[in-house]
Amino acid sequence: MDRLIYTALTGVDAAMNRQRAVANNLANASTPGFRAETFSTANLRLRSESLDVRGLAQGAVRGADMSAGTVMQTGRALDVALGGDALIALQAADGSEVYSRRGDLSVDVTGRLTNGDGLAVMGEAGPLVVPPGWNISIAQDGGVYAADPGAPDVPAELVGRIKLANPAGSPLVKGLDNLLRVPGGGILPADPTATLVTGALEGSNVDTAATLVDMIEAQRGFERRTKVISTAEQLDQSSTRLMSLS
């Protein structure tokens, strides 16, 4: 009985984690540059000297689907779509360097170049800051140019370059904030060959129809596992009654 209850309980926990991952994917189906979370369940066994004593399930988000999303033309000067496997380096709230494909950039009131999550875009020497009120443009190589609207005859000047990184096989983990990180707090080197397309955005790579099917399957899996716990409880009660009668 002990094995049945605990095995079913770990199955319920795995099913709940799967539902969370599916719900997060569905909620971000329209988020620019979003990478769908990948979920899998592993079988774990606790062993004694002579036999397996309990089989458990462990379900968790194992990573992200890094396949490309659809690129859409927007015509907005600060929208960028990344080429190949390139990632934009950002500064997280804790000051660490994180990575994303989200390219809906803007300039905040302090002149910081930020993405759609409000995170500062990293340059070659830290967060990029541009002159507030100036006209900003971004080149294919990530160069950020600023032009003084009060001096239309003066060419735009280079104020920094967006740090574009390429994982190139390096392990990355995806956090609950949907940002990619190097395990252990490491950083990726800048890739001088990485390019971007201005006036365009890469959409989420979430397949909405398939994700809805996953949601239904995850809910059914959760219901099946809760029924196992209910059955275990009924068997336990029956066993107790039989013992009291004997």
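The structure presented is a predicted model; accordingly, all values stated were derived computationally and were not measured. Numbers for residues simply follow the sequence, beginning at 1. Values reported hereafter were calculated over all heavy atoms of this structure, with side chains retained and with hydrogens, waters and symmetry mates removed.
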Review point. Heavy atoms, side chains only, cut-off 4.5 Å: are Leu87 and Leu180 in contact?
Key: yes
Check your understanding: Looking at Gly160 and Leu128, what are the two nearest heavy atoms and their distance?
Key -> CA-CD2, 3.7 Å
Point to revise | Met66 side chain reached by Asp85 side chain, heavy atoms, under 4.5 Å | key: no
**Study point:** Sub-4.5 Å side-chain heavy-atom contact between Thr193 and Asn166
**Key:** no
Point to revise | Heavy-atom closest pair, residues Gly123 and Lys163 | key: O-CB, 3.9 Å
Point to revise | Gap between atom CE of Met215 and atom CD of Gln19 - 0.5 Å precision | key: 8.0 Å
**Study point:** Closest non-hydrogen atom pair between Gly142 and Leu196, with its separation
**Key:** CA-CD2, 4.0 Å
Review point. Side chain of Asn115, backbone of Val121: donor and acceptor closer than 3.5 Å?
Key: no
Check your understanding: Heavy-atom count around Glu217 CD within 6.0 Å, excluding the residue itself: above 12?
Key -> yes
Check your understanding: Does some side-chain heavy atom of Leu105 sit less than 4.5 Å from a side-chain heavy atom of Ile138?
Key -> yes
Study note, to complete from the structure: OG of Ser67 to CZ of Arg35, rounded to nearest 0.5 Å, is 6.5 Å
Review point. Quick one: does Arg101's side chain have a donor or acceptor within less than 3.5 Å of a partner on Ala81's backbone?
Key: no
**Study point:** side chain to side chain donor-acceptor pair (under 3.5 Å) assessment of Asp108 paired with Thr114
**Key:** CA-CA 7 Å; Asp108 67 13; Thr114 62; 5.3 Å; no
Check your understanding: Between Asn205 (side chain) and Asp65 (backbone), is there a donor-acceptor pair under 3.5 Å?
Key -> yes
Review point. Does any non-hydrogen side-chain atom of Arg76 lie less than 4.5 Å from one of Ser106?
Key: yes
Point to revise | Joint cluster assignment, Leu78 & Trp134, ILVMFWY side-chain distance < 4.5 Å | key: yes
Review point. Can any side-chain N or O of Glu202 pair as donor or acceptor with the backbone N or O of Gly69 at less than 3.5 Å?
Key: yes
Practice item. For Ile88 and Val80, run side chain to side chain contact (heavy atoms under 4.5 Å, CB included): C-alpha distance rounded to whole Å, both residues' side-chain angles, the deciding distance at 0.1 Å, then the answer. Key: CA-CA 10 Å; Ile88 294 179; Val80 297; 4.1 Å; yes
Check your understanding: Is Pro127 close to Met122 at the side-chain level, that is, under 4.5 Å between some pair of heavy atoms?
Key -> yes
Check your understanding: Which heavy atom in Ala92 sits nearest to a heavy atom in Arg181, and how many Å separate them?
Key -> CB-NH2, 4.2 Å
Exercise for review: Go through the steps to decide whether Leu113 and Ile162 satisfy the test side chain to side chain contact (heavy atoms under 4.5 Å, CB included), and finish with yes or no.
Suggested key: CA-CA 9 Å; Leu113 187 64; Ile162 297 173; 4.3 Å; yes
**Study point:** Distance in Å, Asp207 CG paired with Leu212 CG, rounded so as to fall on 0.5 Å steps
**Key:** 9.0 Å
Check your understanding: So, for Leu82 and Ser100, which heavy atoms are closest and what is the spacing to 0.1 Å?
Key -> CD1-O, 4.0 Å
Check your understanding: Do Asn178 and Asn24 have side chains that get closer than 4.5 Å, going by heavy atoms?
Key -> yes
Point to revise | Taking every non-hydrogen atom, the tightest pair across Ala36 and Val206 | key: CB-CG2, 3.9 Å
Practice item. Kindly indicate whether the side chain of Val182, heavy atoms from C-beta on, has any atom under 4.5 Å from the side chain of Ile187. Key: no
Check your understanding: Are Leu90 and Val144 co-members of a hydrophobic cluster defined by side-chain heavy atoms under 4.5 Å apart?
Key -> yes
Review point. So Leu26 and Asp214, side chain to side chain contact (heavy atoms under 4.5 Å, CB included) or not? Walk me through it.
Key: CA-CA 10 Å; Leu26 194 60; Asp214 287 343; over 6 Å; no
Review point. How about Thr74 and Asp79: does a side-chain donor come under 3.5 Å of a side-chain acceptor?
Key: yes
Review point. Is the backbone N or O of Leu119 less than 3.5 Å from a side-chain atom of Asp117, with the two atoms forming a donor-acceptor pair by type?
Key: no
Check your understanding: Is Leu164 reachable from Val71 through a run of I, L, V, M, F, W or Y residues, each pair having side-chain heavy atoms under 4.5 Å apart?
Key -> no
Review point. Got a donor-acceptor contact below 3.5 angstrom from the Tyr99 side chain to the Leu188 backbone?
Key: yes
Point to revise | Within one Ile-Leu-Val-Met-Phe-Trp-Tyr cluster: Val129 and Ile136, side-chain cutoff 4.5 Å | key: no
Point to revise | Any donor-acceptor N/O pair, Arg102 side chain to Leu179 backbone, under 3.5 Å | key: no
Review point. Same cluster for Tyr145 and Val159 if Ile/Leu/Val/Met/Phe/Trp/Tyr side chains link at under 4.5 Å?
Key: no
